[in-house]
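Atoms within each ligand, like the ligands themselves, are counted from 1 in listed order. All values below were derived from every heavy atom in this structure, side-chain atoms included, with hydrogens, water molecules and symmetry-related copies excluded. Nothing fancy with the numbering, it's 1 onward along the sequence.
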Amino acid sequence: MNLHRTPIPVNEAVEKIMEHSRTGETEYIGINEADGRVIAEDLVATHPIPPFHKSPYDGFALRSKDTTHLSKDNPGRFVVTETVGAGSRASGFMKEGETVRIMTGAEIPPGADCVAMFEICQTEEKGDQSWMTLKRPMDPNQNIILQGSETTINEKLVSKGSRVNPGVKALLATFGYAKVKVYKKPVVGVFATGTELLEVEEELIPGKIRNSNAYMIVSQIERAGAEARYLGKLVDNLPTCFQAVASAIQDVDFLITTGGVSVGDFDLMPEIYEKLGAEVLFNKVAMRPGSVTTAASVQGKLLFGLSGNPSACYVGFELFTFPILQRHLGRTHPYHRTVQATLGRDFKKANPFTRFVRGFIEYEEGKVVVYPAGLDKSAVVSSLAYTDALIMLPGGTRGFKQGDRVEAVLLEDLKGGQKL
Ligand SMILES: Nc1nc2c(c(=O)[nH]1)N[C@H]1C(S)=C(S)[C@@H](COP(=O)(O)OP(=O)(O)OC[C@H]3O[C@@H](n4cnc5c(N)ncnc54)[C@H](O)[C@@H]3O)O[C@H]1N2
Ligand code: MOO
Ligand SMILES: [Mg+2]
């Protein structure tokens with residue numbers, strides 16, 4: 001066992017991984033399956049919005065030139081020729097002195113160039129005929145949503161590499177994208193290693209613990225938009241682990257193992273990488289937790305040897321696996337967003353390595369404040385439930401104080417808000 005490892009800075013480790021990144025293949029899927037997927041072609045307007053001049057109000061369509069002289073003392077009386085609802089079209093060309101009852105969303109009748117809301121019009125009816133009286137002038141194009149005023153044909157509305165959210169989906173539907181070209185989800189295999197591991201349905205027995213990492217990582221993979229394939233847990237036995245890893249590589253785009261990457265007697269991953277002939281990109285990172293995180297490349301695939309310690313495993317995934325999955329998914333910005341924040345309470349423990357404290361974001365009086373979430377130890381699992389950000393504390397000889405400016409890596413938004 002080689003006990004000497006050279007730690008490299010976090011950003012270098014990320015770069016080494018991203019050197020192996022490529023954009024994945026594409027596929028067409030139905031619009032209903034598109035939520036959260038990344039579009040692989042620009043979303044382009046196939047027609048103007050609106051596609052025709054339309055009314056924003058329920059009211060009367062008119063020729064503005066028939067209204068120029070109108071006032072309270074000099075009202076105008078118009079013949080109502082027909083009623084047009086959204087989805088219908090006027091039958092004729094509007095002539096002098098005429099008006100059309102028009103509903104919100106309906107096409108402006110040819111010849112008309114303004115709409116007066118019902119609220120400013122008086123109507124009277126006699127038999128089959130009705131009239132409308134108006135007491136004010138209207139401007140040309142008043143209360144008309146002009147064709148193409150929102151978007152013109154061929155305008156690029158959403159760039160390829162964007163994730164489908166409800167708004168993107170509305171646009172896909174608007175422009176008739178029943179099938180959507182998206183990037184295929186990379187398949188990420190997950191093995192949990194450790195003789196101590198029990199599955200979730202097993203009774204706890206002395207000396208053993210339940211395998212939480214596999215479930216956590218599967219969730220992280222899915223949160224990242226990729227497809228997780230849990231391949232099971234492995235006891236710390238070299239031939240078994242080697243066989244399992246060697247054969248799994250064939251079936252997945254990326255392979256994650258948790259545990260067994262440190263220097264213990266039963267930490268088998270370093271030997272497995274060697275037996276596989278894998279190129280180890282790094283096996284020690286100048287960070288806490290997750291310093292033992294290892295990445296290796298074999299047969300054009302990346303293996304992530306994440307730590308067995310739950311917090312280290314969690315952080316290792318978000319820093320190193322997340323961005324390459326995003327790149328594979330065609331995301332133009334593959335990294336988690338970071339934000340300048342104020343530290344919400346003291347963090348006294350100094351560390352020579354950069355520390356990624358599991359934390360949560362609050363917005364207080366217009367400021368972003370980030371609080372550590374519970375115990376900050378590599379072996380801790382309980383603080384992860386409250387984690388929506390990683391507080392990045394640079395290595396050094398001093399701790400940090402409440403009020404210090406820090407950088408926070410945003411992972412998700414966990415909290416609801418107040419009633420408006
Ligand atoms: N002599 C040294 N000892 C250790 C070092 C070191 O540099 N020198 N590094 C420490 C650090 S830092 C970490 S982090 C851990 C990393 O350990 P491994 O990645 O080898 O993981 P294991 O030994 O398999 O397990 C560690 C810990 O995590 C628990 N575990 C493992 N798998 C799971 C799982 N699927 N779900 C929940 N918990 C899991 C396991 O039971 C252990 O308690 O090494 C330090 N040691
Ligand atoms: O790698 Mo360990 O997680 O630094 O604590
Ligand atoms: Mg170990």
Please determine if Arg288 has a nitrogen or oxygen closer than 3.5 Å to a nitrogen or oxygen of ligand 1. no

Is any N or O atom of Val261, backbone or side chain, closer than 3.5 Å to an N or O atom of ligand 1? yes

Considering heavy atoms of the protein only, find what lies nearest to [atom] and give residue, atom and distance to 0.1 Å.
atom	answer
atom 23 (O) of ligand 1	Asp267 OD1, 3.3 Å
atom 41 (O) of ligand 1	Glu196 OE2, 2.6 Å
atom 8 (N) of ligand 1	Val263 CG2, 3.6 Å
atom 4 (O) of ligand 2	Arg288 NE, 2.6 Å
atom 9 (N) of ligand 1	Ser262 OG, 3.4 Å
atom 38 (N) of ligand 1	Ile209 CD1, 3.3 Å
atom 37 (C) of ligand 1	Ser212 OG, 3.3 Å
atom 1 (O) of ligand 2	Ser291 N, 2.5 Å
atom 11 (C) of ligand 1	Val292 CG1, 4.2 Å
atom 12 (S) of ligand 1	Ser291 OG, 3.6 Å

Contact partition for [X] relative to ligand 1, non-hydrogen atoms under 4.0 Å:
X	answer
Thr258	side chain
Asn211	both
Asn213	both
Leu197	side chain

So for [X], does at least one of its heavy atoms come nearer than 4.0 angstrom to any atom of ligand 1?
X	value
Ala379	no
Ser378	yes
Gly260	yes
Pro289	no

Please work out which of [options] has its closest non-hydrogen atom nearest to [atom].
atom	options	result
atom 13 (C) of ligand 1	Val315, Asn309, Leu198	Asn309
atom 7 (O) of ligand 1	Arg5, Lys284, Met269	Lys284
atom 39 (C) of ligand 1	Ser307, Ala312, Gly308	Gly308

Can you tell me if Glu201 has over 12 outside heavy atoms packed within less than 6.0 Å of its CD? yes

With the side chain counted from C-beta on, respond yes when [X] and [Y] share a heavy-atom pair under 4.5 Å apart, and no when they do not.
X	Y	value
Ser297	Glu19	no
Phe266	Thr195	no
Thr193	Asp236	yes
Glu12	Val285	no
Leu281	Leu302	yes
Leu306	Phe320	no
Leu255	Val298	no
Val10	Met392	no

Atoms of ligand 2 less than 4.0 Å from [X] heavy atoms?
X	answer
Ala312	3 (O)
Pro289	3 (O), 4 (O)
Ser378	2 (Mo), 3 (O), 5 (O)

Salt bridge check, [Y] against [X]: does any charged N sit closer than 4.0 Å to a carboxylate O?
X	Y	answer
Lys184	Asp253	no
Arg37	Glu27	yes
Glu279	Lys16	no

Treating Arg345 as the side-chain partner and Gln402 as the backbone partner, does any N or O pair qualify as donor plus acceptor under 3.5 Å?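 No; judged by distance alone, with no hydrogens or angles, the pair does not exist.
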
His47 (side chain) donor-acceptor with Thr174 (main chain) under 3.5 angstrom: yes

Check whether any N or O atom of Ser307, backbone or side chain, sits under 3.5 Å from an N or O atom of ligand 2, and answer yes or no. no

Decide whether an N or O pair under 3.5 Å exists between Gly290 and ligand 2. yes

Can you tell me if Val292 has a non-hydrogen atom under 4.0 Å from ligand 2?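 Contact present.
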
Taking atom types as modelled and ignoring hydrogens, do the side chains of Asp58 and Thr104 form a donor-acceptor contact shorter than 3.5 angstrom? yes

Is the NZ or CZ atom of Lys275 both under 6.0 Å from the centre of the six-membered ring of Phe242 and within 45° of that ring's axis? yes

Tell me, with the steps shown, if Arg229 and Asp251 meet salt bridge (charged side-chain N to carboxylate O under 4.0 Å, His left out). CA-CA 10 Å; Arg229 197 169 291 168; Asp251 307 330; 5.9 Å; no

